[in-house]
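Everything below concerns the one structure shown next.
The first residue in the sequence is number 1, and the count goes up from there. All values derive from a computational prediction rather than experimental measurement.
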Amino acid sequence: MYQVYIVDDAVLTRKALVMTMPWDQWGCVVVGSADDGEKAFEDIREMEPDIVITDIRMVHVGGLELIGRCRAQGIRSQFIIISGYNEFEYAKAALRMEVLDYILKPIDDEELHGAVEKAVQRIGESRAMMAEHREQDGESRSLLLEYDEKNINAYLRRALEYVQVNYGRELSIRDVASYLSISESYLAKLFKVELKITFLEYLTRVRMRRAMELMRDKNMPIYEVAERVGYRDYRHFSATFKKLAGVGPKEFQMRS
């Protein structure tokens with residue numbers, strides 16, 4: 001199912017969107033709604049719904065600010081704006097933030113239906129790409145994380161073991177080299193020559209693999225997952241995860 005969140009300070013519009021749209025037809029379910037961008041942001045950050053339909057002008061936090069905050073957090077929901085204002089600056093700002101569609105009030109049902117169908121199609125394509133990425137990446141992950149102890153440099157073996165134990169704290173190649181009593185440049189060379197990747201790439205893959213394991217618990221907040229695998233900045237974690245997995249961490253968690 002595709003998760004939908006609706007934001008509009010007009011009660012009747014909000015209720016109409018929740019109750020009268022043929023969500024089942026698209027395999028969608030409305031998971032929440034709000035009358036202001038402030039509350040919506042907190043919900044969206046936690047849920048990372050697939051589709052967000054939002055008004056553009058609201059009392060405290062408007063639709064554009066809401067979308068900007070979400071994008072800054074690495075949230076890749078498909079946003080559809082509904083607005084009573086046919087202003088070029090609004091539309092231009094929406095375009096910069098990769099908004100899927102900008103629909104004027106009064107809402108034309110066919111236009112909105114078309115936007116939702118487009119969002120569902122995009123999400124489906126993204127999921128297909130993620131599945132392909134996982135399949136192609138499986139062999140390389142095995143190479144990086146399940147190494148052959150007999151055929152690897154002793155220093156490098158100890159470095160990998162150290163990373164797999166200490167990935168949950170701030171960790172640099174300097175820390176590992178110091179632990180091994182060797183130079184940073186020598187350790188960096190071992191990674192490049194024997195594993196064909198950098199130290200940071202290896203550390204990131206270890207962290208992301210552990211994050212995926214943690215996200216099997218659908219009740220664990222994403223910020224806690226990020227902290228447990230060594231990220232103090234949620235936005236950095238979310239962006240890194242998205243780059244490697246093809247989807248945001250919340251979407252991955254909901255589908256794992």
Side-chain angles (χ1 to χ4, degrees), residues 1-21 23 26-85 87 89-107 111-113 115-120 122-123 126 218-226 233-235 237-239 241-242 247-255:
M1 296 292 284
Y2 302 100
Q3 297 182 326
V4 180
Y5 194 95
I6 294 170
V7 195
D8 199 306
D9 58 359
V11 177
L12 293 179
T13 300
R14 191 169 67 251
K15 286 186 176 181
L17 289 171
V18 172
M19 302 300 295
T20 65
M21 291 279 285
W23 298 115
W26 303 304
C28 294
V29 58
V30 177
V31 294
S33 64
D35 61 0
D36 181 72
E38 192 68 60
K39 178 183 183 303
F41 175 66
E42 296 303 321
D43 288 346
I44 292 168
R45 184 168 60 175
E46 179 62 26
M47 299 176 182
E48 283 200 34
D50 299 298
I51 302 168
V52 177
I53 299 176
T54 180
D55 193 4
I56 200 163
R57 280 193 185 179
M58 291 172 284
V59 176
H60 299 294
V61 175
L64 290 177
E65 183 179 348
L66 168 64
I67 296 168
R69 289 187 188 184
C70 290
R71 293 304 191 221
Q73 291 283 326
I75 296 169
R76 304 306 301 172
S77 303
Q78 297 292 323
F79 285 91
I80 299 170
I81 287 178
I82 51 176
S83 173
Y85 302 91
E87 295 185 19
E89 289 303 316
Y90 283 156
K92 187 167 67 172
L95 185 63
R96 283 199 304 269
M97 289 184 279
E98 299 178 358
V99 168
L100 180 71
D101 214 334
Y102 188 103
I103 297 172
L104 292 175
K105 295 179 179 178
I107 299 169
E111 187 176 8
L112 182 55
H113 290 191
V116 173
E117 288 170 359
K118 189 193 304 182
V120 167
R122 281 194 183 181
I123 297 161
S126 175
K218 297 187 185 300
N219 295 318
M220 181 175 290
I222 298 301
Y223 71 82
E224 185 176 336
V225 174
D233 185 340
Y234 171 88
R235 289 177 295 180
F237 168 75
S238 184
F241 189 93
K242 168 76 174 179
V247 295
K250 192 63 183 179
E251 181 175 347
F252 181 89
Q253 185 182 47
M254 295 301 293
R255 288 159 178 72

Open item on the list: Using 30° and 60° as the class boundaries, would you call the ring planes of Tyr234 and Phe237 parallel, tilted or perpendicular?
Closed with: tilted

Task: Asp9 to Arg57 - nearest heavy-atom pair and separation - done: OD2-O, 3.7 Å

- [ ] Before giving the answer on side-chain contact (heavy atoms from CB on, under 4.5 Å), spell out for Ser77 and Tyr5 the whole-Å C-alpha distance, their side-chain angles and the decisive distance to 0.1 Å.
- [x] CA-CA 10 Å; Ser77 303; Tyr5 194 95; over 6 Å; no

TODO: Take Val52 and Ile67, measure what side-chain contact (heavy atoms from CB on, under 4.5 Å) needs, and give me the verdict at the end.
DONE: CA-CA 9 Å; Val52 177; Ile67 296 168; over 6 Å; no

Task: From CD1 (Ile53) to CD1 (Ile80), nearest 0.5 Å - done: 4.5 Å

Open item on the list: I want to check something: taking the side chain as every heavy atom from C-beta on, are Phe41 and Val61 in contact at a cut-off of under 4.5 Å?
Closed with: no

Open item on the list: What verdict does the salt bridge (Lys or Arg N to Asp or Glu O under 4.0 Å) test give for Asp55 and Lys105, after you've listed the backbone C-alpha separation in whole Å, the side-chain angles of each residue and the deciding distance to 0.1 Å?
Closed with: CA-CA 10 Å; Asp55 193 4; Lys105 295 179 179 178; 3.5 Å; yes

Task: By salt bridge (charged side-chain N to carboxylate O under 4.0 Å, His left out) - contacts of Arg76 (at least two apart) - done: Glu98

Task: Any donor-acceptor pair under 3.5 Å from Lys250 side chain to Pro49 backbone - done: no

Task: Shortest non-hydrogen contact from Ser83 toward Tyr102 - done: OG-OH, 3.4 Å

Task: Pairwise distance CG(Asp8) to OG1(Thr13) - rounded to 0.5 angstrom - done: 5.0 Å

- [ ] Locate the shortest heavy-atom distance separating Ser238 from Gly74; write the atom from each residue and the value.
- [x] OG-O, 3.6 Å

- [ ] Take Cys28 and Val120 through the test side-chain contact (heavy atoms from CB on, under 4.5 Å) and record every step on the way to the result.
- [x] CA-CA 9 Å; Cys28 294; Val120 167; 3.9 Å; yes

Task: Salt bridge flag under 4.0 Å for residues Glu42 and Arg69 - done: no

Open item on the list: Given 3.5 Å as the limit, does a donor-acceptor pair link the side chain of Gln253 with the main chain of Met220, or not?
Closed with: yes

Task: Distance, nearest 0.5 Å, that separates OH of Tyr223 from CD of Glu46 - done: 7.5 Å

Task: Donor-acceptor under 3.5 Å (Ser33 side chain, Ile6 main chain) - done: no

Open item on the list: Run the side-chain contact (heavy atoms from CB on, under 4.5 Å) test on Gln73 and Ile44 for me, step by step, so that the C-alpha distance in whole Å, both residues' side-chain angles and the decisive distance to 0.1 Å come before the verdict.
Closed with: CA-CA 10 Å; Gln73 291 283 326; Ile44 292 168; over 6 Å; no

Task: Residues which pass ring pair (Phe, Tyr, Trp, His ring centres under 6.0 Å) with His60, listed by chain and number, not counting sequence neighbours - done: none

Task: Side-chain heavy-atom pair Arg14, Val11 within 4.5 angstrom cut-off - done: yes

Open item on the list: Does any part of the side chain of Pro249, heavy atoms only, come nearer than 4.5 Å to the side chain of Glu48, both counted from C-beta?
Closed with: yes

- [ ] Please round to the nearest 0.5 Å and tell me the distance separating atom CG of Asp101 and atom CD of Gln78.
- [x] 11.0 Å

Task: Heavy-atom check, side chain of Leu64 versus side chain of Ile81, under 4.5 Å - done: yes

Task: Spacing of NZ belonging to Lys15 relative to OG1 belonging to Thr20, to within rounding of 0.5 Å - done: 13.0 Å

Task: Straight-line distance of Ile123 CD1 to Trp26 CH2, nearest 0.5 Å - done: 12.5 Å

Open item on the list: Any heavy-atom pair between the side chains of Val4 and Met21 that's under 4.5 Å?
Closed with: no

Task: Atom of Gly63, atom of Thr54 and distance for their closest heavy-atom approach - done: CA-OG1, 3.8 Å

Task: Test applied, side-chain contact (heavy atoms from CB on, under 4.5 Å); reference residue, Val7; option that passes from Asp36, Leu66, Ile82, Asp43 - done: Leu66

Open item on the list: With a 4.0 Å cut-off on N to O distance, would you call Lys39 and Asp35 a salt bridge?
Closed with: no

Task: Asp50: salt bridge (charged side-chain N to carboxylate O under 4.0 Å, His left out) partners, not counting sequence neighbours - done: Arg127, Arg255

